[in-house]
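Right, one structure below, let's go through it.
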Amino acid sequence: MDKFAKLSGIAAPLPAINIDTDKIIPARFLKTIKRTGLGKNLFNDWKLNADGTERADFALNEPAYKKAEILVVGENFGCGSSREHAPWALTDAGIKCVIGTSFADIFFNNSFKNGLLLIKLAPTDVEKLMEDAKGGHNARITVDLEQQEIVRPNGAVIRFDIEPFRKKCLTEGLDDIALSLKQAPAIDAFEGRDRLSRPWLYS
Amino acid sequence: MAKPRTLFDKIWDNHVIETQADGTCLIYIDRHLVHEVTSPQAFEGLRLAGRKVRRPDATLAVADHNIPTTDRAGGISDEESRIQVETLEKNCTDFQVPYLPVLDVRQGIVHIIGPEQGLTQPGMTIVCGDSHTSTHGAVGALAFGIGTSEVEHVLATQTLIQRPAKNMRVTVSGTLAKGVGAKDVILAIIGKIGTAGGTGHVIEYAGDVVRNLSMEGRMTVCNMSIEAGARAGLVAPDEATFEYLKGRPMAPKGAAWEQAIAFWKTLPSDPGARYDTELTLAAGDIAPLVTWGTSPQDVLPITANVPNPADEADPGKRQSMQRSIDYMGLTPGMALNQVKVDTVFIGSCTNGRIEDMRQAAAVAKGRRVAAHVRALVVPGSGLVKVQAEEEGLDRVFLEAGFEWREPGCSMCLAMNEDKLKPGERSASTSNRNFEGRQGPGGRTHLVSPAMAAAAAIRGTLADVRELLS
């Protein structure tokens with residue numbers, strides 16, 4: 001996984017609530033055996049008309065947001081299915097950070113496994129950033145993971161919280177499977193004890 | 001005296017291998033279910049890193065999401081679907097993971113076959129790269145959906161890095177009215193707490209209504225925990241659970257069975273255990289329900305009318321409501337039981353079990369599907385199909401004009417040929433009514449199996465109570 005460095009980029013506003021993973025990447029695009037190439041279908045049915053032309057009412061279709069790297073979103077973003085194709089599609093399309101009041105649990109986990117930083121803030125802070133994100137070419141904000149700070153276009157700073165383990169994994173680009181494999185002696189010991197207390201699970 | 005613990009606390013504590021300073025835990029995973037859509041990239045990851053599957057014996061794979069539900073003897077014609085299924089088969093061979101082939105009678109939707117085979121047992125941790133893994137909580141297992149990176153993590157280590165969830169208890173008391181079933185109970189709960197109401201929590205379902213539900217009904221309730229935003233759903237194991245599991249192929253046998261039961265009986269929450277969030281519902285307040293919008297929380301009794309966004313005070317919610325009503329092609333104020341449907345889908349991991357087939361067949365028996373309606377019945381597994389056929393349910397459906405299909409996820413998420421055309425409307429026993437979920441532009445109303453059968457007969461969303469004698 002790539003290390004998450006300090007990010008300064010255009011933020012796009014997606015204020016709708018309950019943006020589900022089917023909306024992020026519809027199921028018919030999951031028939032792939034690769035992790036890559038999903039960006040072109042990000043928000044497919046929201047982005048495009050049935051005839052394949054771009055919908056005028058979708059923020060990411062506006063020229064100012066074509067290279068957006070940050071999304072400011074409505075509550076409960078990423079609800080629905082467990083498909084990791086949702087963060088894969090977001091990162092493949094160049095999104096590195098999503099800011100909102102709340103995220104669905106599985107989507108939250110999946111995003112961090114792919115170097116996609118999700119930031120939970122109080123509604124009043126998200127409202128400020130949502131207004132900033134509506135500024136088109138001026139919607140440039142800075143996300144400093146090390147300092148846990150967001151710098152708004154006007155220079156004002158918003159602090160954010162992140163669990164220390166998630167922060168470490170992002171900033172160091174850690175492979176958490178390798179980390180867990182280092183725990184093999186503890187896993188072996190667990191299985192040894194469990195085999196005695198629940199032997200029917202090991203026959 | 002030890003602090004009273006919930007069912008969730010006990011299962012969690014039993015599986016913690018290590019806890020970090022910030023509360024992040026390494027937990028052991030007892031069983032891992034694998035399917036064709038969310039696993040190829042995980043196996044590819046193992047190959048690239050030269051890693052093995054730690055416990056193939058604790059893993060079971062099956063193809064369900066994108067396989068056809070018509071005759072499969074000739075193979076899968078859709079190339080992408082075929083490649084995904086062939087990739088799963090190759091991965092299972094290469095990594096020695098047990099696999100139930102498409103033509104095996106035990107094949108079916110991953111969340112139907114786990115309990116059916118007795119793989120799903122109380123007190124276990126069970127994961128699968130699918131959000132409806134919460135289904136398995138019906139036997140008192142901590143079961144939750146994971147993404148593909150976590151699938152790879154479990155394959156390689158038989159563990160996950162997780163933080164403990166909060167405890168929520170939902171108690172449903174009283175007696176369910178005629179025509180009201182498990183699906184209505186969970187839709188009522190989601191309608192009450194919303195699709196983010198359970199975020200960060202594991203929901204334990206309690207109360208005499210839940211206690212009196214069949215195991216199939218408990219699975220329906222736990223299945224849709226994710227639609228309430230919860231990580232998992234749980235029902236404490238009891239005699240009904242043990243009765244259900246006894247004699248199933250992967251359940252313990254002989255002395256091991258007695259030993260397992262003794263352990264399982266220690267699992268229910270202790271008296272006085274603390275819940276972070278509590279909710280109580282009166283069964284008598286629950287009517288047969290239907291969704292009107294594009295979120296599972298958009299629930300109303302079938303006797304109600306389409307809501308009016310103008311009545312919603314919050315501007316964000318008003319806008320979202322208007323968008324849903326526009327997408328669904330409805331008019332505020334119109335009676336829900338007048339809304340015409342084109343398609344009826346009975347199946348999915350929510351409602352593809354034998355009891356669901358029976359409930360739908362009881363309504364369909366001796367009646368005809370409305371002339372303009374296409375009605376599909378898709379059993380959740382080959383074994384559900386065989387049992388239904390032994391009971392003559394297939395004849396009931398076929399004589400009424402329903403199609404009787406092969407098992408799979410089918411029109412729940414429209415990854416195979418079974419999908420709605422743009423603008424088409426369904427009454428569906430599945431779990432999500434998101435925009436495009438059953439096909440681009442398709443419109444979904446979530447209902448119980450009995451309500452779906454009623455809609456097929458009437459040709460509109462319909463009140464099943466009018467069809468029950």
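When reading the values below, keep in mind they use all heavy atoms of this one structure, side chains included, and skip hydrogens, waters and symmetry mates. Chain A is the first sequence line, chain B the second, and so forth, proteins listed ahead of strands; every chain is numbered from 1.
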- Query: Is any side-chain heavy atom of Arg166(A) closer than 4.5 Å to a side-chain heavy atom of Thr24(B)?
  - Reply: no

- Item | Contact origin within Ala186(A) toward chain B - heavy atom pairs under 4.5 Å | both

- Honestly, the part of Ser149(B) sitting under 4.5 Å from a heavy atom of chain A is both

- Message: Within the supplied structure, the quantity of interest is the number of heavy atoms (other residues, nucleotides, ligands) at a distance under 6.0 Å from Lys166(B) NZ; does it exceed 12?
- Response: no

- Val151(B) versus chain A, the contacting section by heavy-atom distance below 4.5 Å: neither

- Message: Closer than 4.0 angstrom, basic N to acidic O: yes or no for Lys168(A) and Asp22(B)?
- Response: no

- Query: So which heavy atom on Arg437(B) is nearest to which on Arg83(A), and how close?
  - Reply: NH1-NH2, 3.5 Å

- Message: Would you say that more than 12 heavy atoms from the other residues, nucleotides or ligands in this model lie under 6.0 Å from the CG of Asp2(A), or not?
- Response: no

- In this structure, CG of Leu88(B) is separated from CD1 of Ile33(A) (nearest 0.5 Å) by 11.5 Å

- Query: Side chain, backbone, both or neither: which part of Met124(B) has a heavy atom under 4.5 Å from chain A?
  - Reply: both

- Query: Hey, are the side chains of Glu163(A) and Gln20(B) touching, using non-hydrogen atoms and a 4.5 Å cut-off?
  - Reply: no

- Message: Counting C-beta onward and ignoring hydrogens, is there a side-chain heavy-atom pair between Ile17(B) and Gln183(A) closer than 4.5 Å?
- Response: no

- Task: Taking only Lys NZ, Arg NE, NH1 and NH2, and the carboxylate oxygens of Asp or Glu, determine whether Asp175(A) and Arg51(B) approach each other closer than 4.0 Å.
- Result: yes

- Query: Considering only heavy atoms, which portion of Leu413(B) lies under 4.5 Å from any heavy atom of chain A: side chain, backbone, both, or neither?
  - Reply: both

- Query: Contact part of Pro164(A) toward chain B, heavy-atom cut-off under 4.5 Å: side chain, backbone, both or neither?
  - Reply: both

- Query: Of the listed residues (Gly441(B), Gly229(B), Gly200(B), Ala251(B)), which shares the most heavy-atom pairs with chain A below a 4.5 Å separation?
  - Reply: Gly200(B)

- Which portion of Ser320(B) sits near chain A, non-hydrogen atoms under 4.5 angstrom: side chain

- When only pairs under 4.5 Å are counted, which of Glu80(B), Met415(B), Lys317(B), Glu227(B) shares the most heavy-atom pairs with chain A? Met415(B)

- Message: Could you check whether any side-chain heavy atom of Ile161(B) comes within less than 4.5 Å of a side-chain heavy atom of Phe165(A), counting everything from C-beta outward?
- Response: yes

- Item | Contact class of Phe108(A) relative to chain B, heavy atoms under 4.5 angstrom | neither

- Query: If you take all heavy atoms of Ser81(B) and Lys31(A), which pair is closest and at what distance?
  - Reply: OG-NZ, 3.2 Å

- Message: Under 4.5 Å from any heavy atom of chain B, what part of Asn18(A) do you find: side chain, backbone, both or neither?
- Response: side chain

- Item | Partner chain B: residue of His85(A), Glu75(A), Lys113(A), Arg193(A) with the largest heavy-atom pair count (under 4.5 Å) | Lys113(A)

- Query: Taking Asn44(A), Asp22(A), Ile187(A) one by one, which has the highest count of heavy-atom pairs under 4.5 Å against chain B?
  - Reply: Ile187(A)

- Exactly one candidate in Asp20(A), Asn76(A), Ile17(A) meets side-chain contact (heavy atoms from CB on, under 4.5 Å) with Thr195(B); the answer is Asn76(A)

- Message: Need one label for Asn431(B): side chain, backbone, both or neither, based on atoms under 4.5 Å from any heavy atom in chain A.
- Response: neither

- Side chain, backbone, both or neither: which part of His15(B) has a heavy atom under 4.5 Å from chain A? both

- Message: Are there over 12 heavy-atom neighbours, none belonging to Asp57(A), within less than 6.0 Å of that residue's CG?
- Response: yes

- Where does Ser81(A) contact chain B at under 4.5 Å (heavy atoms): side chain, backbone, both or neither? both

- Message: Heavy-atom pairs under 4.5 Å with chain A: which of Gln319(B), Met250(B), Glu435(B), Arg163(B) has the most?
- Response: Arg163(B)

- So what's closer than 4.5 Å to chain A heavy atoms on Glu36(B): side chain, backbone, both or neither? neither

- Query: Is it the backbone or the side chain of Ile106(A) that comes under 4.5 Å from a heavy atom of chain B, or both, or neither?
  - Reply: side chain

- For the candidates Leu179(A), Asp45(A), Thr32(A), which exhibits the highest count of non-hydrogen atom pairs separated by less than 4.5 Å from chain B? Thr32(A)

- Test side chain to side chain contact (heavy atoms under 4.5 Å, CB included) applied to Asp105(A) and Phe144(B), step by step: CA-CA 11 Å; Asp105(A) 286 324; Phe144(B) 52 93; over 6 Å; no

- Take the angle between the ring planes of Phe263(B) and Trp200(A) and call it parallel below 30°, perpendicular above 60°, tilted in between. tilted

- For Leu30(A) and Gln84(B) the tightest heavy-atom approach is O-NE2, 2.8 Å

- Message: Is Lys34(A) in contact with chain B via its backbone, its side chain, both, or neither, using a 4.5 Å heavy-atom distance?
- Response: both

- Task: Below 4.5 Å from any heavy atom of chain A, which atoms of Gln259(B) appear? Answer side chain, backbone, both or neither.
- Result: both

- Item | Derivation and outcome, side chain to side chain contact (heavy atoms under 4.5 Å, CB included), residues Asn109(A) and Glu150(B) | CA-CA 9 Å; Asn109(A) 268 339; Glu150(B) 291 186 315; 3.8 Å; yes

- Item | Closest heavy-atom pair and its distance - Pro440(B), Arg28(A) | CG-NH1, 3.3 Å

- Task: Check the pair Arg198(A), Asn14(B) against side chain to side chain contact (heavy atoms under 4.5 Å, CB included), reporting the backbone distance first and the verdict last.
- Result: CA-CA 11 Å; Arg198(A) 299 187 303 161; Asn14(B) 277 344; 5.9 Å; no

- Item | Which of Gly45(B), Ala256(B), Ala49(B), Ala196(B) touches chain A most, by non-hydrogen pairs under 4.5 Å | Ala196(B)

- Do the non-hydrogen side-chain atoms of Asp194(A) and Asp30(B) ever get within less than 4.5 Å of each other? yes

- Would you say the side chain of Tyr28(B) lies within less than 4.5 Å of the side chain of Glu191(A), judging by non-hydrogen atoms? yes

- Message: Quick check on Thr148(B) against chain A: is it the side chain, the backbone, both or neither that has a heavy atom closer than 4.5 Å?
- Response: both

- chain B contacts, top residue of Gly80(A), Pro87(A), Ala189(A) (heavy-atom pairs, under 4.5 Å): Gly80(A)

- Task: Could you pull out the closest heavy-atom pair between Ser131(B) and Ser82(A), with the gap in Å?
- Result: N-OG, 3.4 Å

- Query: Is the closest basic N to carboxylate O distance between Glu152(B) and Arg35(A) below 4.0 Å?
  - Reply: yes

- Heavy-atom proximity to chain A below 4.5 Å, by part of Glu44(B): side chain

- Item | Contacting region of Ala86(A) [heavy-atom separation from chain B under 4.5 Å] | neither

- Item | Over all atoms of both residues, closest heavy-atom pair of Thr157(B) and Ser180(A) | CG2-CB, 3.9 Å

